[in-house]
Structure formats: C-alpha cells, structure tokens
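Right, one structure below, let's go through it.
Keep in mind that what you see is a predicted model, and the values were worked out from it rather than measured.
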Amino acid sequence: MRKLLLPSLIIIAASLLVIRVFYLQVINDTFKLKSENNAIKIKYDYPERGYIFDRNGKLLVANQASYDIMVIPREMKNIDTLEFCHLLNITKEDFIEKVEKAKVYSPRLPSVFLPQLNKSEFAAFQEKIRKFEGFYFQKRSLRDYEVDFGANIFGFITQVNERIIEKNPYYKSGDLIGRQGVEESYEEILRGIKGVKYIQKDKYNREIGSYKDGKYDTIAVQGEDINLTIDAEIQKYGEQLMNNKRGGIVAIEPKTGEILALITAPSYDPSILVGRQRSKNYTLLYRDSIAKPLYDRGLLAEYPPGSPFKILTGLIALQEGVIDEQTTVMCHHGFSYARGRFMKCHGFGPHQLHNGMYNSCNAYFGTVYMRTINKYKSPPYAVDVWSKHVKSFGLGQFMGYDLPTGKRGKVPDSKTYKRMYPDWRWDSKTIVSNAIGQGEVLMTPIQLANMMAAVANEGYYYTPHIIKKIKGGTIDKKFTTKHYTTIDKKYFKPVISGLFDVYNLGTASSLRVEGIDICGKTGTAENFAKINGVRTKLEDHSIFVAFAPKDNPKIAIAVMVENGGFGATIAGPIASLMIEKYLRHKITRTDLEKRTLERSLQDRYAKLGGLSEAVKMQLRIKDSILKAKNTIPVVKKDTIKKTN
C-alpha cells in the first residue's frame with residue numbers, strides 16, 4: 001500500500017492540473033482576455049449619473065454631453081504635432097507633458113489626454129481625428145445644474161487620481177468620481193455601472209470586430225436617481241439672505257431628522273466646476289483663504305454657542321434636581337461668582353426659569369450651573385455627569401449624518417480640565433462660563449439645529465440626514481432610529497414655554513411673525529482673531545436658534561452669522577424669515593426681509609485684511625461662470641423623470 005500511495009498522489013495531482021488547464025483554456029477563457037491584451041482593445045461605455053431631486057420632486061442636477069480625447073501612447077504614429085495643438089488650442093509643451101503622463105500610466109492602455117470637450121470643439125476635431133493615430137474620442141456625461149445654489153450640498157465631479165485607482169479597481173485612469181457633498185456620499189448609487197466592450201485587432205493593429213462575438217461585453221447601467229430632503233425653495237432663499245455675510249444655516253424637520261436647508265456663506269454657483277474651466281475655477285475658490293467658499297460652515301465651523309446653550313443649562317439643572325420652576329435668583333446686571341470675578345448681564349431683578357430664559361439672564365444660568373456642579377463633592381465627577389447630559393443631545397461627537405465632512409465640536413469633561421489645570425484645583429467657579437456657552441464648549445451649526453430638534457421633540461431626535469429617497473433602494477435604518485436624551489420629558493415643557501416668550505416678551509419680540517408660534521433663543525458669542533500678530537476682539541458672532549410651530553413643530557433652525565453682533569439683529573431676522581418661508585411659502589415680514597437682504601457685513605470682514613483681493617477673486621469667478629455657460633452646451637433629456 002505504501003508503494004502505491006506516492007504514485008497515486010502524483011496521478012491525482014496531475015489529473016487535477018490537467019482538468020484545471022482544460023477548464024481555463026477551453027471552457028472558461030476569461031483569463032485569455034488578459035493574456036491576449038495586445039490583440040484586444042477595451043472600450044468603456046460610461047453611463048449617465050443618477051439625477052438629483054429635492055424633497056418635492058424639483059430637478060436640481062441633471063446631465064449634459066461631453067467628450068474626452070483619449071490616447072494610447074504605443075499606437076501614436078506620425079503625429080503632426082503643430083496641427084494637433086492648433087486644433088485643440090494647446091501648446092506643444094502641453095502636448096508633450098500629457099503624452100508623457102499617459103506613458104507613465106501605461107503605454108498600452110488608454111488615458112485621458114484632454115477631458116470635457118463641448119460639441120463645437122468635438123465637431124472641429126472629429127473631422128481630422130483619422131490623421132492622428134493613437135487618439136480617439138470617449139463620450140462622457142457631465143453634470144448639468146438646474147439651479148445656481150446648493151454647491152456645498154451637491155459637491156462636484158472630478159477625475160480619479162492614482163491613489164483612488166490603487167484603492168478601488170473599479171476606477172481606471174480618466175474615470176470621473178464624486179467629491180464632497182452627496183456626489184461623494186452616494187457615489188456608488190449615482191455613478192451607475194460602466195459597460196465594457198472587447199474589440200479584436202489584427203496583426204496590423206486594426207480593429208476587426210468584437211472579441212468572441214461580444215460574449216464578454218456588458219452594457220452600461222445608468223445610476224439611480226435620488227431625492228434629497230432639501231427644500232429647494234428655502235435653500236435658495238437662505239443663500240440670498242446670507243449674501244455679503246459669512247456663516248451657516250441649518251434647518252431640520254424635527255419629527256424625521258431630515259435636513260431641510262444646509263447653507264454656507266459665502267458659496268458659489270455649482271456650474272463653474274463643470275467643463276474645461278473646472279480646474280481653473282476650483283483653484284480660484286481653493287486659494288481664497290479669506291472668504292473660504294469651499295469651507296462648509298454649516299458642518300465644519302465650530303463656534304462657541306453663546307446664550308442658546310442656556311437651554312441645556314436649564315434642562316440639566318432641572319434633571320439634576322438643583323432647581324425647579326420657582327427657584328429665584330437675583331440679578332444685579334450680573335453676579336459675583338468669586339472674589340474679583342463678576343459675570344455681566346443686561347438684566348436686573350429676580351429671575352426664575354421662565355423669565356430667565358426669555359430675558360437670557362446670565363446671573364440666573366451662571367448660578368444654576370454652579371449649583372449643578374456643586375451638587376457633587378467631586379468637581380471632576382460632577383463635570384462628567386454634566387458632560388454626559390450634554391452629549392446626549394448629539395453634541396461633542398460626529399453625528400453620523402450622510403455627508404462626507406464634519407467636525408465633532410467640543411464638550412469638555414474632567415479630562416479636559418485636568419489637562420488645562422494640572423497643578424491647580426479647579427471647581428465650578430473656574431468653569432462657570434460654560435453656563436452661558438462661552439466656556440470650552442464648541443458647536444457646529446448642524447449640532448445647534450439638532451439640539452433644537454431634540455428640544456422641539458421634548459427629549460429625542462433622529463440622526464440628521466440629507467437622503468429622502470433612492471430609486472430602487474432603501475434608506476439606512478439608522479436615520480429612522482430615535483435617540484433619547486438623558487432629560488425627562490416633563491422638564492422640556494417649562495423650558496419651551498420660556499423659549500416661546502422669547503418672541504412674545506423677550507429678546508426676540510421684534511421678530512414675531514403674525515399667526516406663527518415660534519420658540520427661539522437669541523445669542524452672541526465673543527470673537528477674537530489675530531491681526532498682525534495681536535489678539536484682537538472683533539464684532540461678536542450673531543446666533544439664533546428656533547423651532548416652529550410651538551405645538552407639532554415642523555422646522556428647527558440654527559443661524560450663525562460671523563461678526564454679526566447681537567443675535568436679534570441679524571441671525572434672528574434670518575431665522576424668522578426662513579421659518580415663514582417654509583411654513584407659508586411667502587413672506588409677510590417684508591420689513592425684515594428688506595433689511596436683511598440689504599445688510600452687508602463686508603466692512604467688518606475687511607478688518608481681517610485682504611478683502612480687496614477676495615473681491616477681485618469673486619469677480620474673476622463670475623467671469624468664469626459666464627465662460628463656462630457659454631462653452632458647455634446643455635443637453636437635457638426629452639422627458640425629465642418624475643418622482644413622487
């Protein structure tokens with residue numbers, strides 16, 4: 001038996017090898033495509049990207065035709081370089097550089113030589129392309145923006161780089177990919193699936209037909225359409241209200257977590273990042289380090305929340321049992337919380353939770369915050385308890401929304417203060433500025449809006465999201481899962497009552513909209529910047545948060561205007577106007593609208609320096625918009641698809 005074992009193993013192994021070779025060479029010859037690569041030309045058929053609609057079915061982003069000139073360096077023969085460059089309006093140096101770059105990628109595989117030609121450029125070159133061996137056209141589908149707003153929401157389309165190609169084998173040199181916004185978040189859904197055709201070539205490198213009669217060819221599959229949660233009407237309106245201002249606005253539907261508006265200012269027309277001017281225009285936007293139009297302030301900018309944070313200060317104090325609705329604190333235009341330490345306030349007299357909220361009394365909320373911390377013998381333990389309550393509103397963490405960018409904000413805990421004061425015993429007096437949103441707390445506008453959604457819902461929220469519907473797909477379950485705060489529902493009602501009277505009796509009484517019950521909170525946040533190396537106090541940031549209607553809220557909103565001053569001056573009017581626009585689709589407070597549209601803060605931003613260059617850059621961008629729109633024809637579908 002032992003003598004037979006070795007020969008048997010050899011026979012079995014040889015048989016398996018023969019069977020495998022027979023399978024690969026006769027039955028399954030997909031590997032032959034690779035081995036015969038020199039005799040086979042691969043052509044890709046690129047699908048249209050999915051269309052993008054708003055929550056009401058309004059078309060926001062469609063597609064338009066474009067053409068790329070492709071090159072296979074190994075097949076280039078007898079090229080009249082001067083004629084070639086003249087036809088495409090490029091220099092000889094450009095020609096050499098592009099060819100060398102293609103050779104580095106692969107001498108045998110196609111690379112994009114010149115992307116995104118329009119129809120007129122394509123027609124002029126098509127007549128003579130037979131003279132330039134090694135070059136051919138690849139039809140593409142570029143974005144056609146039906147609106148001139150929402151650039152930060154959509155993102156843009158650009159060519160893949162080598163890092164992406166190495167990471168994801170789906171992409172080849174010259175392929176397009178979504179970057180930023182929903183184009184990046186939903187790239188795999190929007191892009192569709194490329195079609196592939198294998199073309200047989202003869203020994204003279206001439207195409208002689210489909211390889212294996214098209215056995216391995218696949219057809220392109222168009223990308224899926226998506227509906228966003230965005231309301232195009234208030235998105236556009238919000239961007240208009242933020243003209244000549246900097247900051248962010250985020251509006252959320254409390255009962256669903258759907259993002260109704262996501263505004264950053266300044267912004268730009270998304271159409272300037274389409275076509276051959278895309279790279280030039282992107283560079284202009286990227287280099288504007290002053291206005292930062294590519295910086296999404298709604299998601300990325302971290303600000304001290306100011307007085308809106310008093311909402312959480314009051315809720316946590318109620319939950320911890322250190323106050324009730326009748327607890328009274330005397331305010332003498334502020335209060336002394338330590339020897340030589342005085343927190344100023346514009347109020348005076350006795351304050352309880354209700355009038356403390358609508359008068360935004362620093363003395364009241366500073367006192368109740370210190371009581372919350374002093375409830376426990378250990379300040380570090382107390383701060384961790386407080387921090388846990390704050391974080392239950394989605395603060396101090398990435399929120400899990402479906403956009404590719406964001407910041408955590410900051411909610412301090414005991415570790416924070418141990419690092420800050422390693423040799424000093426700190427207590428509630430040391431960190432009392434947290435009470436009024438001027439301490440170590442930092443929040444993004446979307447976190448502020450989500451906080452107000454949780455208050456409107458009396459203790460819960462949904463993860464904010466921007467996708468409403470995917471044709472043929474489903475929405476991630478995490479967007480329909482409730483998140484509960486650590487505050488009992490019963491404590492929200494007295495706080496909401498105080499927020500309601502902010503509009504009736506308090507700091508936002510001049511911003512009322514007849515017939516709409518709005519609950520809101522004004523705020524300012526101190527703002528410092530280094531100018532010529534010196535820490536200089538600038539105009540405060542203007543903040544306003546609100547939700548409406550008071551009963552059965554349909555919109556929660558946060559407005560942050562950099563250097564805007566008092567909350568009721570600029571941010572407050574914007575919030576009131578946005579709320580009325582969403583609920584009524586019209587504006588009755590035309591006085592607020594006129595004042596807000598005409599208000600410019602450019603003089604304040606000039607203090608940061610370099611404003612003249614920023615203005616020049618914006619003028620160049622406007623000129624680029626005109627050029628882009630004049631050189632890229634719009635090719636729309638005969639019938640635009642409808643959605644529910």
Practice problem: Test side-chain contact (heavy atoms from CB on, under 4.5 Å) on L241 and M578 and set out the steps. | Solution: CA-CA 9 Å; L241 294 174; M578 291 277 286; 4.1 Å; yes
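- In this structure, R246 forms a cation-pi arrangement with Y605, its terminal cationic atom sitting closer than 6.0 Å to the ring centre and no more than 45° off the ring axis.
- Checked by atom type, the side-chain pair S392/T485 shows no donor-acceptor distance below 3.5 Å.
- Heavy-atom minimum distance, I543 versus P308: CG2-CG, 3.9 Å.
- Under a cutoff of 6.0 Å and an axis angle of 45°, R287 and Y282 do not form a cation-pi pair.
- The two residues A454 and F393 come nearest to each other via the heavy atoms CB-CD2, 3.8 Å.
- A 6.0 Å sphere centred on OH of Y381 holds no more than 12 heavy atoms belonging to other residues, nucleotides or ligands.
- Counting only N and O atoms by type, the side chains of S360 and S307 include a donor and acceptor under 3.5 Å apart.
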Quiz prompt | Residue pair L59, Y51: steps toward the side-chain contact (heavy atoms from CB on, under 4.5 Å) verdict | solution = CA-CA 8 Å; L59 180 63; Y51 281 43; 3.5 Å; yes
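- Residue Y170 places its OH atom among more than 12 non-hydrogen atoms of other residues, nucleotides or ligands, all under 6.0 Å distant.
- In this model, a donor atom of one side chain and an acceptor atom of the other lie less than 3.5 Å apart for N152 and D296.
- Within the structure, ring-ring contact (aromatic ring centres under 6.0 Å, His included) pairs that include any residue of residues 558-602 do not occur (at least two apart or interchain).
- Classification of E598 and K594 as a salt-bridged pair holds, one side-chain N sitting under 4.0 Å from a carboxylate O.
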Quiz item: Step by step, would you call I157 with R179 a side-chain contact (heavy atoms from CB on, under 4.5 Å)?
Solution: CA-CA 6 Å; I157 307 299; R179 302 295 292 177; over 6 Å; no
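- For the residue pair N362/K310, the side-chain donor-acceptor check at 3.5 Å is satisfied.
- For the 3.5 Å distance criterion, the side chains of K388 and T486 fail to qualify, holding no donor opposite an acceptor.
- With 3.5 Å as the limit, one finds a donor-acceptor pair spanning the side chains of T416 and D413.
- Here the side chains of L395 and L312 are in contact, with some heavy-atom distance below 4.5 Å.
- A 6.0 Å sphere centred on CD of E188 holds no more than 12 heavy atoms belonging to other residues, nucleotides or ligands.
- Judged by distance alone, the side chains of T158 and R278 do bring a donor and an acceptor atom under 3.5 Å apart.
- Side chain to side chain, Y171 and R191 meet the donor-acceptor criterion of an N or O pair below 3.5 Å.
- With 3.5 Å as the limit, one finds a donor-acceptor pair spanning the side chains of T588 and E580.
- For the pair H354 and S497, the tightest heavy-atom approach, listed with the atom from each and the gap, is CE1-OG, 3.0 Å.
- When side chains are defined from C-beta on, R599 does not count as touching N244, because their heavy atoms never get closer than 4.5 Å.
- Counted by atom type alone, E440 and Y417 present one or more donor-acceptor pairs between their side chains at under 3.5 Å.
- Put simply, the residue from S509, S576, S510 that forms a side chain to side chain donor-acceptor pair (under 3.5 Å) with Y503 is S576.
- For an aromatic pair to be called close, the ring centres must be under 6.0 Å apart, and H541 with Y303 satisfies this.
- Annotation: cation-pi pair K581/Y237 present, NZ/CZ under 6.0 Å from the ring centroid and within 45° of its normal.
- In this structure, R55 pairs ionically with E253, as a charged nitrogen and a carboxylate oxygen lie closer than 4.0 Å.
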Quiz item: Does the side-chain contact (heavy atoms from CB on, under 4.5 Å) test come out yes or no for L260 and I230, once each step is laid out?
Solution: CA-CA 4 Å; L260 303 173; I230 294 296; over 6 Å; no
